[in-house]
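What follows is a single structure, written as structure tokens, with notes after it.
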Amino acid sequence: MKGKLINFRAFLVIAISVTAAVFCVYLYMYNTVAGLTVGIIYILLLAGVTVYFVFRFCRNVVRLTVVISFVLATALCVSAFTVGVVVGDKWHDGLSYEGYGTVSGRVCAVNVSAGTYRIDLDELHINGRALSGIMRVSVVAEDNNIADLVRCGDRLQFGATVRAVKITDGGKVNGTAYRTDIRYNTTVKSNGIIMSVGKPKPIESFLISLKSLLTENMGERYGNIAFAMLTGDKHDLNNGVFGYYSAAGLGHIMAVSGLHIGFFILLLNLIMRRLSKKVRYPIMACVLMAYVVLADFSPSIIRAVIMAIIAGIGILIGGRRDLLSSLCCAYSLLLAVKPLYMFEAGFLMSFGALFGIALFANSVKRFLVKHRANKKVASGIGGAVSASVGILPAQIYFFRSVNVLSVLINVFVIPYVSIVFIAILCILPVAAIPGCGQALIVCKYLLAFLDNLAYGLSKMPYAVIMLHSAWQVFLCYPIYFFGSEYIMLKKGKTAVGLYSAAVCIAIICVCSL
């Protein structure tokens, strides 16, 4: 380690390489020739560097780790660029279906909360031609509103003016549309819809039953909050609920992520504590993969499960656990198959939070312990502060706001949230027994306290500060790294950290003007 400036991480190199490939895809979407040219040149250069290091490895000049890093980087970059180009072309082809047409499709989601009638259709056909993607249909209510009768699995047919959703517009990528795969939208009157009853898919039937169990025994409000906490599905939350949870700095508890996976792993470990690790961990991996399906493959839960599986493998084989390496591994694998996730708010905030924790949590904890703080309290504060710093650029860019109270709130509230989440998971199997649904009343009262707390905190003065920023705010991420413990300076480390913090603040202030 002597004489090295940066504590080398192979997957960090891979993550940076894949990020560059995604930007080649971004260029391709705006200029096909330029994007294709730059992308091919970049991949060829990367392949050339890989061949060079392979040659040097054969001469015992470089380590195998370096060779593997560039081999994987090349492979994942090829995947990210190829998938991105194909996706871009498909979305562009969808623009040709704008205009009036006959639409038919299968209902895959229904939202009729608070007087809003929105129906999502998959297995789409427009003018008899099969199309990929989902269409969001806004239904104008009539006296006999058919939208009240629609359920998942039903098939609808109607004539309407179709509007194609653009994947890029005004220099920005529509990350939300890409994540949800909503490629078309339209508005139709209820009396113009022909409905035929269908059967939901098994996973849809399970989710419908789960939501019914929760809402029937906890009420619509708390049942839907519990359902959102378990699955990340916020379709049926009352207007404003997610808003005040977000304002209070607790919106992340309704986006299934590492927090939920941590609770899940804790519960599974308690249940299977008598089993050996070689039996327990494969079972846990299978359960977590099933949970990914339940949560509709959201980027945050995929990231969390990949990292959990990597950590489990590390424990089984006796390897050293390294948060930054597993984070970069999950980041690279996800972008290799879903390259445009890099422009989606949830993806960036999920990875940003863990990036901040990987860089700063230990440093903050050591500082607090040095000043006689309790180790557990110091660990909680270190994690909350670091996560808040990590999500700050993405939060400012996408939501134009900063949750001032989030650090303090999460340190004290997250332990209570863990109790609520685990209580719901433990009581659900009992509540599913006929006649035992009222067992969920305990969870209702636990959620009621959390809900009132979130609402009260959201109303505090300056709970949210509004800021506006351009894309340059993301330059804070490399500056974070230079101010972290991964820069191996014997002297001047504090000065570099303070200088990096000052540069971050300057970037945010300039971009906010």
Side-chain angles (χ1 to χ4, degrees), residues 4-93 132 167-168 171-175 178-179 299 302-303 306 310 324-344 347-348 351 355 471-472 474-475 477-479 481-482 486:
K4 292 184 179 180
L5 176 63
I6 297 176
N7 194 338
F8 179 79
R9 291 293 185 275
F11 272 105
L12 181 60
V13 174
I14 297 171
I16 293 170
S17 302
V18 175
T19 300
V22 174
F23 278 113
C24 292
V25 174
Y26 176 81
L27 178 61
Y28 175 85
M29 290 185 168
Y30 282 96
N31 189 315
T32 303
V33 176
L36 199 59
T37 302
V38 171
I40 291 173
I41 291 173
Y42 170 69
I43 290 173
L44 288 175
L45 285 174
L46 194 59
V49 172
T50 302
V51 172
Y52 169 75
F53 280 119
V54 169
F55 175 75
R56 288 179 64 82
F57 170 73
C58 293
R59 300 185 64 180
N60 296 319
V61 178
V62 298
R63 293 178 299 167
L64 179 62
T65 306
V66 177
V67 176
I68 294 174
S69 299
F70 281 95
V71 169
L72 285 175
T74 303
L76 294 180
C77 284
V78 169
S79 175
F81 185 71
T82 304
V83 171
V85 166
V86 172
V87 168
D89 288 343
K90 286 185 177 180
W91 278 79
H92 180 75
D93 291 342
S132 57
I167 191 65
T168 54
K172 294 182 178 181
V173 175
N174 191 338
Y178 176 72
R179 174 178 57 81
I302 295 174
R303 184 268 304 161
I306 290 175
I310 291 172
L324 184 61
S325 292
S326 59
L327 179 67
C328 290
C329 176
Y331 175 89
S332 303
L333 292 175
L334 257 176
L335 289 185
V337 294
K338 291 284 187 179
L340 298 186
Y341 271 171
M342 198 176 75
F343 303 98
E344 200 267 331
F347 175 87
L348 288 175
F351 277 94
F355 188 62
W471 65 267
Q472 287 87 351
F474 290 108
L475 294 174
Y477 284 125
I479 296 171
F481 183 79
F482 286 109
Y486 289 93

Spatial distance of atom [atom1] ([X]) from atom [atom2] ([Y]) [nearest 0.5 Å]:
X: Leu348; Y: Phe355; atom1: CG; atom2: CZ; value: 12.0 Å
X: Leu45; Y: Thr50; atom1: CG; atom2: OG1; value: 10.5 Å
X: Tyr486; Y: Leu324; atom1: OH; atom2: CG; value: 4.5 Å
X: Leu333; Y: Cys328; atom1: CG; atom2: SG; value: 11.0 Å
X: Phe481; Y: Ile16; atom1: CZ; atom2: CD1; value: 7.5 Å
X: Ser332; Y: Leu327; atom1: OG; atom2: CG; value: 9.0 Å

- On the 0 to 90° scale, with breaks at 30° and 60°, tag the Tyr178-Tyr341 ring pair as parallel, tilted or perpendicular.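 Tyr178 and Tyr341: perpendicular rings.
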I need the minimum non-hydrogen distance between [X] and [Y], along with the two atoms involved.
X: Ser326; Y: Ile310; result: CB-CG2, 3.9 Å
X: Ile43; Y: Cys77; result: CD1-O, 4.1 Å
X: Met342; Y: Tyr331; result: SD-OH, 3.5 Å
X: Ile14; Y: Ser69; result: CG1-O, 3.3 Å

Does the side chain of [X] reach to within under 4.5 Å of the side chain of [Y], using non-hydrogen atoms?
X: Thr168; Y: Trp91; answer: no
X: Pro339; Y: Val87; answer: no
X: Lys338; Y: Pro299; answer: no

- Task: Provide the full list of side-chain hydrogen bond (donor to acceptor under 3.5 Å, both in side chains) pairs with a residue in residues 34-44, sequence neighbours left out, each pair given once.
- Result: none
- Task: Check side chain to side chain contact (heavy atoms under 4.5 Å, CB included) between Phe57 and all other residues, then give those that pass, not counting sequence neighbours.
- Result: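 For Phe57, the residues satisfying side chain to side chain contact (heavy atoms under 4.5 Å, CB included) (neighbours in sequence not counted) are Val62, Leu64, Val67.
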N/O donor to acceptor pairs below 3.5 angstrom from side-chain atoms of residues 20-35, sequence neighbours left out:
from, atom 1, to, atom 2, distance (Å)
Tyr26, OH, Gly171, O, 2.4
Tyr28, OH, Asp89, OD1, 2.9
Tyr28, OH, Asp89, OD2, 3.2
Tyr30, OH, Gly171, N, 3.0
Tyr30, OH, Lys172, N, 3.2
Asn31, OD1, Val33, N, 3.4
Asn31, OD1, Ala34, N, 3.0

- Return yes if some donor-acceptor pair links the side-chain N/O of Ser325 with the main-chain N/O of Phe11 below 3.5 Å, else return no.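 Checking the backbone N and O of Phe11 against the side chain of Ser325, no donor-acceptor pair under 3.5 Å is found.
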